[in-house]
Amino acid sequence: MKVKIVETTLNPWQEVEDYQQEAIALRGKFGATNIFIGTMRDFNEGDEVTAMTLEHYAGMTEKQLENIIKEAMQQWDVLDVLIVHRVGELLPNQPIVLVAVWTSHRGDAFDASRYIMEALKTKAPFWKKETLVNGSRWVDKNTDGYKKS
Amino acid sequence: MKVKIVETTLNPWQEVEDYQQEAIALRGKFGATNIFIGTMRDFNEGDEVTAMTLEHYAGMTEKQLENIIKEAMQQWDVLDVLIVHRVGELLPNQPIVLVAVWTSHRGDAFDASRYIMEALKTKAPFWKKETLVNGSRWVDKNTDGYKKS
Amino acid sequence: MSIKVRYFASLKENLAKSEDIVDSQKNMTVADVWLLANPDKIISENTLAAVNMDYVALTQAVNAGDEVAFFPPVTGG
Amino acid sequence: MSIKVRYFASLKENLAKSEDIVDSQKNMTVADVWLLANPDKIISENTLAAVNMDYVALTQAVNAGDEVAFFPPVTGG
């Protein structure tokens, strides 16, 4: 398993491909991979967003994300997990977060991936500040992501 | 949306990257991407599997997969879907299927991706024949993928 | 009327054929098509049927020019 | 004992500081640390606290050398 915080552009496909390439122990053993990617949108709460700054608590983020992976591995049959999270200055259409989960069976991959994303949103110390056309604002809380729009 | 059946090696990262690159309308609009990849394992039902042949009903596969995407789009707020499925001769560790779903919010991405995979397993006319060390056998039914092992 | 019949996967192997063409003067259901094509073989209860690439029940009526397919449970993904 | 205090995001901006060092001869809880560092500011009810990078309640005791952090609800992912 691996947790990585990056300050430059996050290329999710390259990250997953590279990680899987090196994970020799996985070869032939995993039947399912679930990947979630969160990407910056160009609007939020009805306003155009031109850029975003992601602050984090270095050290605590890694500690919390590693705990979350361990919790997922206790609940589901998970072979491996990769989490990559962007910090610093972002532009719309750039990836913010990547969660990749490798399992033998697909149910565990879907369940563990979703669990990790929800736990990350609740526990990992990252904070978003949005740049609007006029000024900037901190995002004060995460949306639940499941409400019907 | 796109449904694609491929007879040569399926590179899921390249497929998703290429598709997203061309999907200009998605830029800045999607906040969540969920991707599921099914990969051939080197064992099944307690036996070593050295290769696999995937047969399909050309035409019906595409029709059924397109229906499944429409069903998902009726149930969740889905911006775009890509399904790529391998047919022909496969070796262990090679990807069999890719499902990618783009949405505004993460709940829809997880739900729609899972729905599409389950529906694909039930309705898309593909059949697996496994090559074992001694002979070969048709896979007679899909595992439910959610049972606790 | 003339109906094209297709078989897939283990069913194709068991029947040792991938296609049939059946002709009848009468209206037929999918079950009738099977019987005409395979008079000495009872259709297995887990066999699936499709007409023009949509799943159907064995009681479904067929029309001239239809493509009828029989196959075992699908195992893709 | 000496305790390092850190602030993040909007809380850091509102307090106009990112760190404090507080000293006390007595045993302290996380709430005591806040009070000592910010005697004129009531802690907001949605403020989260961590000691040595684990989430804690404000009633948690702190020890010499601990790093205490205060921050608003997290908004990553």
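What you see is a predicted model; the values in this text were computed from it and never measured. Lettering follows sequence order; numbering is per chain, from 1.
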Heavy-atom count around [X] [atom1] within 6.0 Å, excluding the residue itself: above 12?
| X | atom1 | answer |
| --- | --- | --- |
| Asp23(D) | CG | yes |
| Asn46(D) | CG | yes |
| Ile42(D) | CD1 | no |
| Lys141(A) | NZ | no |

Toward chain D, the part of [X] with a non-hydrogen atom under 4.5 Å:
| X | answer |
| --- | --- |
| Asp140(A) | backbone |
| Lys129(A) | side chain |
| Ala58(A) | backbone |
| Thr61(A) | neither |

Could you give the distance from NZ (Lys63(A)) to OH (Tyr55(D)), rounded to the nearest 0.5 Å?
12.0 Å
Within this structure, what is the CD-CZ distance for the pair Glu55(A) and Phe8(D), rounded to the nearest 0.5 Å?
7.0 Å
To check you understand the geometry: which heavy-atom pair defines the closest contact between Gln64(A) and Met53(D), and what is its length?
NE2-O, 2.9 Å
Name every donor-acceptor pair, under 3.5 Å, that has one atom in a side chain of residues 67-77 of chain D and the other anywhere in the protein, sequence neighbours excluded.
from: Glu67(D); atom 1: OE2; to: Tyr57(A); atom 2: OH; distance (Å): 2.4
from: Glu67(D); atom 1: OE2; to: Arg6(D); atom 2: NH1; distance (Å): 3.3
from: Thr75(D); atom 1: OG1; to: Lys128(A); atom 2: N; distance (Å): 2.8

